[in-house]
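What follows is a set of notes on a single structure, which appears directly below.
Side chains included, hydrogens not; waters and symmetry mates left out as well; all remaining heavy atoms used. Model, not experiment: these values are computed from the prediction. A note on names: the letters A, B, ... follow the listed sequences, proteins ahead of strands, and every chain is numbered from 1.
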Protein chains: 2
Amino acid sequence: MPVLTSRQNEIIEAAIRIISRKGIQEFTIRSLSRELGISEPAIYRHFESKTDILAALLEFLHADTIATFDTVSGDGPALAQLEQYFSLLFLRLQERPAVAAVVFSDEVFLNEERLAATVRALVELTIDNTTRLLTHAKQNAEIPADVDEYDLATLLSGGVRLLVRRWHMDSGSWNLCERGSRVIQTFIRLIDIRT
Amino acid sequence: MPVLTSRQNEIIEAAIRIISRKGIQEFTIRSLSRELGISEPAIYRHFESKTDILAALLEFLHADTIATFDTVSGDGPALAQLEQYFSLLFLRLQERPAVAAVVFSDEVFLNEERLAATVRALVELTIDNTTRLLTHAKQNAEIPADVDEYDLATLLSGGVRLLVRRWHMDSGSWNLCERGSRVIQTFIRLIDIRT
DNA sequence: ATGAAGTTAGTGAACGTTAACTACTATTGT
DNA sequence: ACAATAGTAGTTAACGTTCACTAACTTCAT
């Protein structure tokens, strides 16, 4: 896990902005240099290649996802932690719409062979986080013992991804936190067997 | 809705194959012509531009999704129709893995301004189909009256999208129909209030 | 004889990347 | 205190390649 310079982080953030606005096809060294206000070769002072930039971008997203998950309290009912996790996720994405546009856009990166494994890991991360909490919920008898928590994690994680994607397609014109919380609560109400 | 020539359909299918294998970045007129075994200019005998090909590709996916949905019986419990719809979807995608790789890859097409509206419509299509069936289910008292069927459709549609995406990332190494049916059944069991 | 579908050859523009050089700053030996 | 040295981050110019696309010509079935 290499430590990045501040300039490298600026470049990654500029890359995220470009991809979120125009898609991967418009992400070129040229567009990136213009976004940063420097010449194209100057970028090569900070990264060896374009692919290296994308790799660093993916690591940034990975670290960001882990950081979000690590912020949830860690005690109390597992379902409450689940709700807290996604609320925080929505909040963070709403604060940084460009990240929201990119974080679930896996297929965008899949063409580059070198990046495939990292993309994969990123997709699995949210699913695994969710599955783990649901397993706890099952152990605590918060949810039925006979449902597959991996299936549930697929539905929940997939639903969240779709919601974030549509929010981006709508240019962030509605409140992601609000709508997102409703979806999460709808889901939790379905599986919660306490009371 | 323009009628396509057989050659145009061949070109669209070749395009889907390339994008599913290599991603949108490797989808060029050159790679397309090689896939078809003809020269690059020959393609322009059938489409005016590269964007026109992508537009036709999206229309193809749109029509395909509608066709799948129209095949479900239309009578019986709405939840059974829902299950039938997704089973058929999984079956069709498993038969054509290249289509599976592309049909839910919206962000891949979002850069081209001309295509954005069509992409949007394609995303909404599955959600709307699902929502409609869930509204029926609610009217028939198959599911609780106080859950938002649009939230449910987001979860279900999103879960299916994620599952199909992961199936593609795993190069179709597991059985999509089987795994998919399990997820759908898990979902239906959560919302079904009949017994 | 015509029109559809192919070819070869070539266009300008954009691609990622490298070479050669410069301004500025920090470190260091005297 | 200060010149020599080295490192950092930028520049312009140019590399060879690929991009989408066009012009002009050929082949061939109707």
What is the distance, rounded to the nearest whole Å, between atom [atom1] of [X] and atom [atom2] of [N]?
{"X": "A:R45", "N": "C:dA19", "atom1": "CZ", "atom2": "C1'", "result": "10 Å"}
{"X": "A:E26", "N": "C:dA14", "atom1": "CD", "atom2": "C1'", "result": "12 Å"}
{"X": "B:F27", "N": "C:dC15", "atom1": "CZ", "atom2": "P", "result": "18 Å"}
{"X": "A:Q25", "N": "C:dC15", "atom1": "CD", "atom2": "C1'", "result": "13 Å"}
{"X": "A:K50", "N": "C:dT18", "atom1": "NZ", "atom2": "P", "result": "14 Å"}
{"X": "B:I11", "N": "C:dG6", "atom1": "CD1", "atom2": "P", "result": "8 Å"}
{"X": "B:Y44", "N": "C:dT7", "atom1": "OH", "atom2": "P", "result": "15 Å"}

(request) Give one of base, sugar-phosphate or nothing for A:I29, where a contact means two heavy atoms less than 4.0 Å apart. (result) base
(message) By the 4.0 Å heavy-atom rule, please label A:R30 as base, sugar-phosphate, or nothing.
(response) base
(message) Testing the 3.5 Å rule here: is there a donor-acceptor pair between the side chains of A:E26 and A:S31?
(response) no
(request) Go through the side-chain N and O atoms of B:R114 and B:T51 and say whether any donor and acceptor fall under 3.5 Å apart. (result) no
(message) Which is more 5' along DNA chain C, the nucleotide nearest B:P41 or the one nearest A:T51? Just name the residue.
(response) B:P41
Any sub-3.5 Å donor-acceptor pair from [X]'s side-chain atoms to [Y]'s backbone N or O?
{"X": "A:E142", "Y": "A:L79", "answer": "yes"}
{"X": "B:Q94", "Y": "B:L176", "answer": "yes"}
{"X": "A:W174", "Y": "A:W167", "answer": "no"}

(message) What range of DNA chain D does chain B touch, first nucleotide to last, counting atoms under 4.0 Å from its heavy atoms?
(response) D:dT18 to D:dC25
Below 4.0 angstrom from OP1 or OP2 of [N], is there any side-chain N or O of [X]?
{"X": "B:S39", "N": "C:dG6", "value": "no"}
{"X": "B:H46", "N": "C:dA4", "value": "no"}
{"X": "B:R7", "N": "C:dG6", "value": "yes"}

(request) With the side chain counted from C-beta on, respond yes when A:L162 and B:V123 share a heavy-atom pair under 4.5 Å apart, and no when they do not. (result) yes
(message) Does A:K50 have more than 12 heavy atoms from other residues, nucleotides or ligands lying within 6.0 Å of its NZ?
(response) yes
